[in-house]
Novice: 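Below is a structure I'd like to ask you about.
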Amino acid sequence: MSDTETTAAADRPRNFIEEAIAEDLESGRFDRVQTRFPPEPNGYLHIGHAKAIAIDFGMARRHGGKCNLRFDDTNPTREDVEYVDSIKQDIEWLGFRWDRECYASDYYGQLYDWAVELIRKGRAYVCDLGADEVRELRGTLTEPGRPSPFRDRAVEENLDLFARMKAGEFPDGSRTLRAKIDMAHPNLNMRDPVMYRILHSRHHRTGDEWCIYPTYDWAHGQSDSLERVTHSLCSLEFEDHRPLYEWYIRELGIFPSRQIEFARLNLTHTVMSKRRLREMVEEKVVHGWDDPRMPTLSGLRRLGYTPAAVLDFLDRVGVAKTDSVADIALLEHCLREDLNRRAQRAMAVLRPLRLVIDDYSEDRVEELEAVNNPEDGSAGTRKVPFCRELLIEREDFALEPPPKFFRLAPGREVRLKHAYLVTCISVERDSDGNVTAVRCTHDPASRGGEAPDGRRVKGTLHWVSARHAAEAEVRLYDHLFAKPDPDDAAEGEDWHANLNPASLETLSGCRVEPGLAEVSTGDRFQFLRLGYFCADPDSRPGRPVFNRSVALKDSWAKVVRAG
RNA sequence: UGGGGCGUCGUCUAACGGCAGGACCCAGGAUUUUGGAUCCUGGUGUGAAGGUUCGAGUCCUUCCGCCCCAGCCA
């Protein structure tokens with residue numbers, strides 16, 4: 001953990017989980033802190049999981065405790081090792097190290113023995129009802145359920161049937177093992193919940209050893225207990241499950257882990273449900289799980305997010321029980337703040353327009369010194385080639401400049417960053433009247449960009465040398481959804497209607513400083529006046545591809561918007 | 001109409017009966033060789049009504065609103 005992170009965590013007020021842990025330590029309920037992060041290996045991690053990770057690992061770390069990584073692999077029909085690896089990679093990327101790597105499937109044997117124990121105690125029974133019949137007898141939110149006809153089966157018969165379930169004598173779905181609790185309980189989870197279902201399915205770790213698999217409720221708490229987890233932190237929707245969590249632990253007389261629930265993370269302009277993310281991948285709304293528009297950790301990483309920015313964001317959002325939707329602008333703010341400090345500056349021209357300096361000789365080339373990062377003196381300087389023909393941003397020139405436009409226009413003088421003050425004296429146009437080049441003169445005494453007589457030059461433009469610049473592809477990303485709430489759709493429409501058609505704009509023929517011709521995936525830069533960019537894995541030698549991670553704050557854009 | 005939760009600026013989050021504070025966001029200004037960064041100023045909030053108290057966001061009562069639960073998913 002970095003020093004800044006330590007300080008930030010120490011400065012901010014304790015959240016309700018930290019308070020609960022402190023109380024537990026003080027009261028002697030626990031004498032240490034052990035947590036776990038329990039992903040199901042059935043998909044990629046997103047920033048919502050990152051919140052859980054930061055909480056699970058963070059609580060342990062702050063209290064000198066440990067956090068296990070435990071794969072909640074109780075459903076072989078939807079899980080795969082492919083996900084195990086990506087999950088581990090994402091956790092490490094965030095900077096966390098788990099203590100033990102565990103799997104719920106490690107405990108299948110123990111779970112089976114405990115199930116037998118509950119049968120012997122008369123607390124569990126084999127039920128021959130099908131899924132539909134179980135549902136039928138469960139009752140509703142307002143009506144109590146009715147007992148299964150198999151509820152009072154003799155212990156010996158239950159034992160025999162359960163052994164035969166395990167032995168594979170029965171087809172999928174034909175029987176279940178259920179806890180015998182209370183069919184009239186107001187909490188539906190307590191109406192004889194299913195502990196085991198028959199699934200003749202190959203498990204990614206246990207192979208064909210088992211054909212009965214424990215449900216979440218039967219596996220999770222017992223896994224916590226086996227790992228001596230003191231604080232089992234999960235999201236709000238499991239609040240209803242806590243009585244069952246505690247019932248199993250009490251009936252078994254095993255280590256009493258404590259479950260505490262917090263609100264999951266939601267973000268504006270995106271979605272966090274695994275189901276919806278999967279849909280977008282399958283419908284090819286995005287290019288994959290690591291599409292830079294996805295809120296997955298692999299997507300954010302490819303977009304150019306730093307672990308520090310994500311962690312800072314999570315820290316600022318806080319931990320509470322209120323259902324909430326964090327503003328994606330805060331996430332973006334955290335990235336800008338981090339990258340402003342550390343990203344090397346560079347010049348890139350996205351939509352090039354030729355600028356010719358008439359009074360600068362054809363064969364002359366100067367290597368001008370440019371500061372790498374004005375926020376960090378130790379970042380040093382670099383040389384940037386300058387010559388007669390340059391490329392500037394098309395939108396930095398206007399034939400008829402609107403009010404408050406400080407950029408280049410006929411007769412106007414601007415500063416070329418790190419270079420010279422230039423004045424536009426004429427333009428070249430094609431047969432359609434489009435400007436194809438602007439012609440300028442320069443002030444030789446302004447080398448470096450300083451006005452020799454101290455005259456005020458308001459506009460500063462970025463540029464590249466037409467002769468030296470490297471070609472690049474630049475991908476401009478924006479929010480995936482146009483509306484803050486993707487589900488805020490009109491009658492008869494759904495989230496598809498809210499997809500932002502401009503979430504990706506690919507620009508080819510961009511030009512960057514020659515120093516950026518060769519980049520490695522993940523290299524980050526601030527392109528002056530444009531934003532923060534990150535080299536994409538699609539980059540090839542001499543042909544870099546940059547993703548815009550986040551734009552710079554743009555007060556000119558606001559002026560334009562205001563009209 | 002059952003059970004479990006949750007209501008504090010637009011958003012997120014503090015307050016542990018004692019001046020409702022911070023961040024993001026928004027607006028304005030200063031400054032600037034990035035219309036960036038930085039700095040300054042300003043903006044709006046305790047869901048409602050009663051009650052207890054010298055004093056209530058906090059305690060009590062009632063009401064209102066929102067979220068979750070009827071998988072052999074997690």
Side-chain angles (χ1 to χ4, degrees), chain A residues 12-15 19 38-40 42 72 74-75 77-79 127 129-131 134-136 138-145 172-178 185-191 193-199 212-213 215-217 219-220 234-243 261 263 265 268 274-275 313 316-334 336-337 340-341 345 347 371 374-375 404-407 415-419 421 446 448-451 457-462 484 526-531 551-559:
Chain A
R12 101 171 128 47
R14 313 270 78 149
N15 63 50
E19 285 179 359
E40 183 187 13
N42 73 338
D72 227 334
T74 54
N75 188 349
T77 63
R78 10 190 280 172
E79 294 155 8
C127 178
L129 259 23
V134 169
R135 187 180 313 119
E136 185 68 26
R138 185 156 31 226
T140 67
L141 297 180
T142 51
E143 305 158 27
D172 287 4
S174 60
R175 276 172 235 259
T176 55
L177 182 74
R178 300 175 70 181
H185 200 108
N187 180 341
L188 268 44
N189 292 122
M190 300 298 272
R191 318 241 263 226
V194 170
M195 297 167 65
Y196 277 99
R197 70 278 215 197
I198 300 172
L199 240 37
I212 55 172
Y213 289 94
T215 55
Y216 165 84
D217 285 306
H220 199 96
C234 61
S235 44
L236 252 29
E237 66 267 30
F238 292 103
E239 252 166 343
D240 283 349
H241 295 245
R242 190 172 358 114
E261 312 84 9
L265 175 69
T268 59
K274 250 188 223 180
R275 195 188 101 258
F313 165 72
R316 294 191 198 216
V317 163
V319 181
K321 295 193 70 156
T322 317
D323 280 312
S324 59
V325 184
D327 193 335
I328 201 165
L330 179 59
L331 212 211
E332 294 166 346
H333 167 84
C334 293
R336 285 194 195 96
E337 190 174 271
N340 177 49
R341 273 196 307 263
R345 314 286 125 125
M347 292 194 286
V371 173
E375 305 292 323
K404 295 185 194 163
F405 185 84
F406 305 142
R407 310 175 185 186
R415 172 171 26 249
L416 294 178
K417 180 78 178 178
H418 307 308
L421 300 179
S446 67
E450 200 79 55
V457 177
K458 182 81 174 161
T460 300
L461 273 40
H462 59 275
Q526 184 202 92
F527 288 168
L528 249 40
R529 305 208 299 135
L530 297 175
L552 247 29
K553 283 215 255 176
D554 188 348
S555 46
W556 170 243
K558 280 181 193 169
V559 173

Novice: Is there a side-chain polar atom (N or O) of A:Lys558 under 4.0 Å from OP1 or OP2 of B:A27?
Specialist: yes
Novice: For nucleotides B:G28 and B:G65, find the distance between their P atoms and express it as a whole number of Å.
Specialist: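 Nearest-Å result for B:G28 against B:G65 at atom P: 39 Å.
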Novice: Main chain of A:Leu552, side chain of A:Arg336: is a donor-acceptor contact present, judged purely on distance under 3.5 Å?
Specialist: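 A pair under 3.5 Å: no.
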Novice: Is it the case that B:G3 (base atoms only) and A:Asp240 (side chain only) share a donor and an acceptor within less than 3.5 Å, ignoring hydrogens and angles?
Specialist: yes
Novice: Taking the C1' atom of each, how far is B:G18 from B:G29, in whole Å?
Specialist: 37 Å
Novice: In whole Å, measure the gap between the C1' atoms of B:U8 and B:C66 for me.
Specialist: 15 Å
Novice: Would the number of heavy atoms belonging to other residues, nucleotides or ligands and lying under 6.0 Å from CD of A:Glu136 be above 12?
Specialist: no
Novice: Measuring only the P atom in each nucleotide, how far is B:C39 from B:U58? A whole number of Å is fine.
Specialist: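 About 36 Å, rounded to a whole number of Å.
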Novice: Taking atom types as they are modelled, would you say the side chain of A:Lys458 forms a donor-acceptor pair with the base of B:U32 within the 3.5 Å cutoff?
Specialist: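 For A:Lys458, whose side chain was compared with the base of B:U32, there is a donor-acceptor pair (under 3.5 Å).
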Novice: Across all strands, who's sitting opposite B:G42 as a Watson-Crick or G-U wobble pair, both distances under 3.5 Å?
Specialist: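 When the pairing criteria are applied, B:C26 turns out to be the nucleotide that pairs with B:G42.
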Novice: Between B:U52 and B:C60, how far apart are the two C1' atoms, rounded to whole Å?
Specialist: 7 Å
Novice: When you measure from the side-chain N and O atoms of A:Thr460 to the phosphate of B:U32, is any distance below 4.0 Å, counting only OP1 and OP2?
Specialist: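 No, no such contact exists.
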Novice: Looking at the base of B:U13, is there any donor atom on it, or on the side chain of A:Arg12, that sits under 3.5 Å from an acceptor on the other one?
Specialist: no
Novice: Would you please confirm or rule out a distance under 4.0 Å between OP1 or OP2 of B:G3 and any side-chain N or O of A:Arg242?
Specialist: no
Novice: At under 4.0 Å between heavy atoms, what does A:Thr215 touch on the DNA or RNA strands: base, sugar-phosphate, or nothing?
Specialist: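 A:Thr215: backbone/sugar contact only, no base atoms under 4.0 Å.
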Novice: Suppose we define a pair by two distances each less than 3.5 Å, Watson-Crick or G-U wobble; what does B:U33 pair with here?
Specialist: none
Novice: Check for me: is A:Trp556 stacked on B:G35 by the 5.5 Å centroid and 30° plane-angle rule?
Specialist: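 One would call A:Trp556 stacked on the B:G35 base.
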Novice: Pick the nucleotide of RNA chain B nearest each of A:Leu552 and A:Val325; which residue has the one closer to the 5' end?
Specialist: A:Val325
Novice: Expressed in whole Å, how much space separates the C1' atoms belonging to B:G57 and B:C6?
Specialist: 15 Å
Novice: Using only modelled atom types and a 3.5 angstrom limit, is any donor from either the side chain of A:Gln526 or the base of B:U34 paired with an acceptor on the other?
Specialist: yes
Novice: Using both distances under 3.5 Å as the test, list the Watson-Crick or G-U wobble partner of B:G71, or none.
Specialist: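 Per the H-bond distance test, none.
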Novice: Taking the P atom in each of B:G50 and B:A56, what is the distance between them to the nearest angstrom?
Specialist: 14 Å
Novice: Roughly how far apart, to the nearest Å, are B:C26 and B:G21 at atom P?
Specialist: 22 Å
Novice: Looking at the base of B:G4, is there any donor atom on it, or on the side chain of A:Glu261, that sits under 3.5 Å from an acceptor on the other one?
Specialist: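 Side chain to base: no pair below 3.5 Å.
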Novice: For B:G18, give the paired nucleotide (Watson-Crick: N1-N3 plus N6-O4 or O6-N4; G-U: N1-O2 and O6-N3; both under 3.5 Å), or none.
Specialist: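 Partner of B:G18: B:C54.
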Novice: When both hydrogen-bonding distances must be under 3.5 Å and the geometry is Watson-Crick or G-U wobble, what is B:C6 paired with, if anything?
Specialist: B:G65
Novice: When you measure only distances, ignoring hydrogens and angles, does the side chain of A:Arg407 come within 3.5 Å of the base of B:G35 through a donor and an acceptor?
Specialist: yes
Novice: Report the nucleotide, chosen from B:U13, B:A37, B:G35, that has the shortest atom-to-atom distance to any side-chain atom of A:Asn340.
Specialist: B:A37
